[in-house]
> 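Quick one: this structure, given as structure tokens, is what I'll be asking you about.
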Amino acid sequence: MTRRKTVISIVILLVIGLHAAPVLYPSEKGTLWPFMRWTMYKNSRGPGPVEAHLRHIVAITSTGRRDTVTPHRLGLSFTVLEQRYLRPMGTGDFSPAPQLIERLNQNRTDSVVELRLESVTYIASDTGIARRENPVVTYRAEPSRSR
């Protein structure tokens with residue numbers, strides 16, 4: 001019975017000791033908490049307001065019909081839509097826009113001729129939540145050159 005208690009005590013001391021590893025080995029501070037390859041507070045931030053951005057893309061067809069671009073319509077996950085289209089277009093990079101228009105126009109008679117990135121910023125602070133409408137950013141497709 002004493003051997004079993006000794007083993008349990010050693011395991012407990014080992015677990016407690018592993019918690020001290022990031023303190024004892026500063027080079028490992030970002031990778032050992034306590035056993036995994038991520039830190040507990042890696043995305044923490046100081047006090048102050050928190051901003052969240054809500055963005056969506058509206059496709060305008062040649063007949064003027066408005067159509068919200070959704071992951072389901074594109075056959076993509078929301079993460080891919082966010083990474084490939086929403087983030088770049090939100091920073092002013094419209095290089096993926098022609099590819100998006102081409103993807104939207106597959107199997108469609110009323111083709112998409114314009115994309116509008118509409119976004120709202122929400123700011124949460126001690127005084128409450130503020131909503132700010134951001135300017136709409138528009139991308140117009142190049143007119144087709146085939147005659």
Side-chain angles (χ1 to χ4, degrees), residues 8-147:
I8 291 172
S9 297
I10 289 172
V11 169
I12 291 171
L13 288 173
L14 183 63
V15 169
I16 292 170
L18 285 173
H19 280 76
V23 175
L24 299 174
Y25 301 102
S27 65
E28 301 297 322
K29 221 173 230 187
T31 59
L32 285 177
W33 193 93
F35 318 108
M36 295 175 265
R37 297 196 57 78
W38 52 271
T39 58
M40 184 172 177
Y41 299 107
K42 87 174 187 159
N43 291 325
S44 65
R45 49 188 139 205
V50 176
E51 286 189 17
H53 305 280
L54 179 62
R55 292 176 237 166
H56 64 275
I57 300 171
V58 176
I60 311 293
T61 66
S62 58
T63 60
R65 186 169 158 246
R66 294 173 52 94
D67 202 6
T68 301
V69 176
T70 63
H72 177 71
R73 180 162 286 132
L74 292 172
L76 301 172
S77 69
F78 177 77
T79 305
V80 174
L81 174 65
E82 174 82 18
Q83 290 173 350
R84 283 191 194 163
Y85 303 110
L86 286 171
R87 279 188 198 158
M89 291 169 72
T91 61
D93 176 12
F94 274 87
S95 61
Q99 178 190 16
L100 177 58
I101 288 177
E102 183 180 322
R103 190 173 188 126
L104 287 167
N105 284 336
Q106 290 175 349
N107 304 322
R108 191 180 191 128
T109 56
D110 187 16
S111 61
V112 172
V113 294
E114 184 178 300
L115 296 174
R116 294 170 50 98
L117 178 68
E118 299 175 354
S119 65
V120 177
T121 301
Y122 292 93
I123 303 166
S125 66
D126 294 339
T127 59
I129 297 177
R131 183 178 195 269
R132 181 181 71 216
E133 293 275 343
N134 297 317
V136 174
V137 182
T138 303
Y139 174 83
R140 287 184 181 78
E142 293 286 323
S144 94
R145 298 181 192 260
S146 60
R147 291 183 183 183

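Computation of the quantities below employed the complete heavy-atom set of this structure, encompassing side-chain atoms and omitting hydrogens, waters and symmetry-equivalent molecules.
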> For a 4.5 angstrom cut-off between non-hydrogen side-chain atoms, does Thr138 reach Glu114?
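Of all side-chain heavy-atom pairs linking Glu114 with Thr138, at least one is under 4.5 Å.
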> What pairs with Tyr139 under ring-ring contact (aromatic ring centres under 6.0 Å, His included), at least two apart in sequence or on another chain?
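For Tyr139, the residues satisfying ring-ring contact (aromatic ring centres under 6.0 Å, His included) (neighbours in sequence not counted) are Phe94.
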> For atom CG of Asp126, decide whether the heavy atoms of other residues, nucleotides or ligands shown that lie under 6.0 angstrom number more than 12.
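Counting neighbours around CG of Asp126, 12 or fewer heavy atoms of other residues, nucleotides or ligands fall under 6.0 Å, so no.
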> Quick one: CD1 on Ile57 to CG on Leu81, what's the gap to the nearest 0.5 Å?
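CG of Leu81 is found 5.5 Å from CD1 of Ile57.
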> Name all pairs fulfilling the side-chain hydrogen bond (donor to acceptor under 3.5 Å, both in side chains) condition that reach into residues 68-80, sequence neighbours left out, sorted by first residue then second.
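Residue pairs passing side-chain hydrogen bond (donor to acceptor under 3.5 Å, both in side chains), neighbours aside: Asp67-Arg73.
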> Around Arg140, counting heavy atoms of other residues, nucleotides and ligands shown, do more than 12 lie under 6.0 Å from its CZ?
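Check fails, neighbour count at 12 or below.
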> Tell me every residue that passes salt bridge (charged side-chain N to carboxylate O under 4.0 Å, His left out) with Asp110, counting only those two or more places apart in sequence or in another chain.
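Scan of Asp110 (salt bridge (charged side-chain N to carboxylate O under 4.0 Å, His left out), adjacent residues dropped) gives none.
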> Could you pull out all residues at least two apart from Leu13 that satisfy side chain to side chain contact (heavy atoms under 4.5 Å, CB included)?
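Partners of Leu13 by the side chain to side chain contact (heavy atoms under 4.5 Å, CB included) criterion come out as none, since no residue qualifies.
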> List for me each residue that meets salt bridge (charged side-chain N to carboxylate O under 4.0 Å, His left out) alongside Arg132, sequence neighbours excluded, and say none if there are none.
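Per chain and number, Arg132 pairs via salt bridge (charged side-chain N to carboxylate O under 4.0 Å, His left out) with no residue.
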> Please enumerate all residues that pass side chain to side chain donor-acceptor pair (under 3.5 Å) together with Glu133, with sequence neighbours excluded.
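Counting only residues at least two positions away or on another chain, Glu133 forms a side chain to side chain donor-acceptor pair (under 3.5 Å) with Arg131.
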> Any non-hydrogen side-chain atom of Val112 less than 4.5 Å from a side-chain atom of Leu100?
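Not touching, per the 4.5 Å side-chain cut-off.
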> Between atom CE of Met89 and atom CZ of Arg55, what is the distance when rounded to the nearest 0.5 Å?
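It is 11.0 Å, given to the nearest 0.5 Å.
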> Name all pairs fulfilling the salt bridge (Lys or Arg N to Asp or Glu O under 4.0 Å) condition that reach into residues 95-107, sequence neighbours left out, sorted by first residue then second.
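Qualifying pairs: none.
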> Once salt bridge (charged side-chain N to carboxylate O under 4.0 Å, His left out) is applied, do any residues pair with Arg87, and if so which ones, sequence neighbours excluded?
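Scan of Arg87 (salt bridge (charged side-chain N to carboxylate O under 4.0 Å, His left out), adjacent residues dropped) gives Glu82.
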> Check side chain to side chain contact (heavy atoms under 4.5 Å, CB included) between Ile10 and all other residues, then give those that pass, not counting sequence neighbours.
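Thr6.
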> Checking Ile129 now: which residues fulfil side chain to side chain contact (heavy atoms under 4.5 Å, CB included) with it, not counting sequence neighbours?
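Scan of Ile129 (side chain to side chain contact (heavy atoms under 4.5 Å, CB included), adjacent residues dropped) gives Tyr122, Ala124.
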> Is there side-chain contact between Leu104 and Leu115, with heavy atoms separated by less than 4.5 Å?
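Of all side-chain heavy-atom pairs linking Leu115 with Leu104, at least one is under 4.5 Å.
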> Taking atom types as modelled, find out whether Asp93 and Ser95 have a side-chain donor-acceptor pair closer than 3.5 angstrom.
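Yes.
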> Can you name the side chain to side chain contact (heavy atoms under 4.5 Å, CB included) partners of Val113, sequence neighbours left out?
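Side chain to side chain contact (heavy atoms under 4.5 Å, CB included) list for Val113, sorted by chain: Ser62, Ser111.
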> Run the salt bridge (charged side-chain N to carboxylate O under 4.0 Å, His left out) test against Arg66 and tell me which residues pass, sequence neighbours left out.
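Expected list: Glu118.
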